[in-house]
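Input: a single structure, listed below in structure tokens.
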Amino acid sequence: MTSEPKKSTPAKHDPYAAIRVGEFRVFLLSRVFMTLSYQMVDIIVYQQVYEITKNPLLIGLIGLTEAIPMILVALYAGHVADRKNRRNIILLFNVIVLIATVSLFGITLDKSTLLSNSGLLSIYALVFVMGVARGFLGPAIFGLMGQVVKRELYTSASTWNSTVWHTAAVAGPAIGGLSYAKFGGGNSYGIASAFLLISIAMMYLLIKPKPIPQYEKKETLRESLLSGIKFVFANQLILGALSLDLFAVLFGGVVALLPFFADNILHVDTIGLGLLKAAPAFGAVLMAIVLVYVPQAKRAGTNLLLCVAGFGLCMIFFAVSTNFYLSIGLLLLSGMFDNVSVVIRSTILQLKTPDHMRGRVSAVNSIFIGSSNEIGAMESGAAAKLMGIIPSVIFGGTMTLIVVGITGWKAPKLRRLDLSAEEVREEVG
């Protein structure tokens, strides 16, 4: 009498799988201090330029001054991340950011220089340098994470990476604002410099250099720079995921219009506006914690499409809301939906990109994200001018839903995608 073969039971989800890896814990802690430092510097620079100029155009130029070089160097930065030691790239450009931050500290100490035209130009020049450095850091950080943990831990690693980044991205401006109010700009730059120095020390002392990805095919610089773009556009899964994010932010973003909603529709003061701006980030942090314990890898493609659609619906309902607390809830919910899509997109990029292409594919991703944020803010303003504030946000949310429908129709591989641990292990095996 033969017994029936036992059915294999799926492995129990371990929410702490990735952080059991010592180097990944160091990677996360280093990222926390790095992000805290960067976010602090951002809020301090904006506040200083505001106090010096009181000019909204000059304040708005800060973001462009950082974003433009970041986008311009992205493709070359991706090439470098695939040809050089990624840990060393992170160390080098973080040292450059540290020097720029210390320089901001020095300018702030000299009040006459700070309040002069040369002082203002120096601030913009240093922000430009930081933009270049961050352009090189993004692909290197993404590539290094894929070398610190094994493939079967990519989903867990992406979730934890998103969790700590969003937490630090929320805490950084708060620490920067409080520090600026209590200690002034100079001391605040000093604290930010200390945080970045801790990040550099942890990366240098506790993470071993990783091998440079090997690739036999010889490429010219031009071929290498373009290969990331070609790879993305030839891969239905990656292109679909990036396109969803691009158009959701391009059409569905409402951040640039929040001051108008706060003043003219919700009738709240600057504290209310601050809460509106913080709500999406706080929602992202809440969802990041949830995702550690409730992974979305099973039916990941469907979950991605549903969450981007949910984001679009939140924007539509936000547009017609006249209740402050309902509006806060909708923005918080939009941040939760957005974080799910961030984690799934990051996991797709890690799993579906060969190690020797990670830097260049990450560079294309950063171009998508960077351009969508800046152009999205411009699109929001232009649409609001043409249609009116409320109709423009309804239009943006509706366009997001249309993009989700088209992507689900044209990218069936993305729609059917399953990133569960069982499938990942099968791919590895």
Working for salt bridge (charged side-chain N to carboxylate O under 4.0 Å, His left out), residues Glu66 and Arg134: CA-CA 9 Å; Glu66 184 174 40; Arg134 291 188 189 185; 2.8 Å; yes

Using the side-chain contact (heavy atoms from CB on, under 4.5 Å) rule, take Phe324 and Leu276 through it: C-alpha gap first, then chi angles, then the decisive distance, then the call. CA-CA 9 Å; Phe324 174 68; Leu276 288 170; 3.9 Å; yes

After noting the C-alpha distance and the side-chain angles of Ser179 and Asn187, does the key distance pass the side-chain hydrogen bond (donor to acceptor under 3.5 Å, both in side chains) rule? CA-CA 8 Å; Ser179 175; Asn187 290 329; over 6 Å; no

Intermediate values then yes/no, side-chain contact (heavy atoms from CB on, under 4.5 Å), Arg345 and Ser158: CA-CA 9 Å; Arg345 187 180 72 249; Ser158 295; over 6 Å; no

Begin with the C-alpha distance, continue with both residues' side-chain angles, and end with the deciding distance and a verdict on side-chain hydrogen bond (donor to acceptor under 3.5 Å, both in side chains) for Arg358 and Gln350. CA-CA 8 Å; Arg358 287 189 199 283; Gln350 286 286 2; 2.9 Å; yes

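Residues Tyr38 and Phe195 fail the side-chain proximity criterion, which asks for heavy atoms closer than 4.5 Å. Here the side chains of Tyr154 and Val149 are in contact, with some heavy-atom distance below 4.5 Å. The closest side-chain heavy-atom distance from Met315 to Thr400 is not below 4.5 Å. Counting heavy atoms from C-beta on, the side chains of Leu206 and Glu23 never come closer than 4.5 Å. Contact check for Ile316 versus Leu401: side-chain heavy atoms found under the 4.5 Å cut-off. A 4.5 Å side-chain heavy-atom check between Leu153 and Phe24 finds every atom pair outside the cut-off.
Looking at Glu219 and Arg83, a side-chain N of the basic residue comes within less than 4.0 Å of a carboxylate O on the acidic one, giving a salt bridge.
Between the CG atom of Leu92 and the CG atom of Asn85 there is a distance of 11.5 Å, given to the nearest 0.5 Å. Atom CG in Leu225 sits 11.0 Å away from atom NZ in Lys230 (nearest 0.5 Å). Rounded to the nearest 0.5 Å, atoms CG (Leu351) and OG1 (Thr155) are 5.5 Å apart. A distance of 9.5 Å separates CG in Leu137 from CZ in Arg31, rounded to the nearest 0.5 Å. Atom CG of residue Leu91 and atom CZ of residue Arg87 lie 5.5 Å apart, to the nearest 0.5 angstrom. For the atom pair CG (Leu414) and CD (Gln236), the distance works out to 7.5 Å, reported to the nearest 0.5 Å.
For Asp82, the salt bridge (Lys or Arg N to Asp or Glu O under 4.0 Å) partners two or more places apart in sequence, or in a different chain, are Arg86, Arg360. A search for ring pair (Phe, Tyr, Trp, His ring centres under 6.0 Å) contacts involving Phe318 returns Phe261, not counting sequence neighbours.
Trp160 places a side-chain N or O within donor-acceptor distance of the main-chain N or O of Pro15, the cut-off being under 3.5 Å. Using modelled atom types, one side-chain atom of Ser193 and one backbone atom of Tyr189 make a donor-acceptor pair closer than 3.5 Å. Arg415 places no side-chain N or O within donor-acceptor distance of the main-chain N or O of Thr302, the cut-off being under 3.5 Å. With hydrogens and angles disregarded, a donor-acceptor distance shorter than 3.5 Å links the side chain of Thr163 to the backbone of Ala288. Although no hydrogens or angles enter the test, the distance criterion places no donor-acceptor pair under 3.5 Å between the side chain of Asn235 and the main chain of Phe231.
Closest approach of Ser188 and Met40 over heavy atoms only: O-CE, 3.7 Å.
Atom NZ of Lys84 has 12 or fewer neighbouring heavy atoms from other residues, nucleotides or ligands inside a 6.0 Å radius. Within 6.0 Å of the CZ atom in Phe317, the count of heavy atoms belonging to other residues, nucleotides or ligands does not exceed 12.
By the 30° and 60° cut-offs, the orientation of the rings of Phe136 relative to Phe93 is parallel.
Asn161 and Ser346 share no donor-acceptor pair across their side chains, judged by distance under 3.5 Å alone. No side-chain donor from either of Tyr204 and Asn94 sits under 3.5 Å from a side-chain acceptor of the other. Of the N and O atoms on the side chains of Tyr46 and Glu51, not one donor lies less than 3.5 Å from an acceptor on the other residue.
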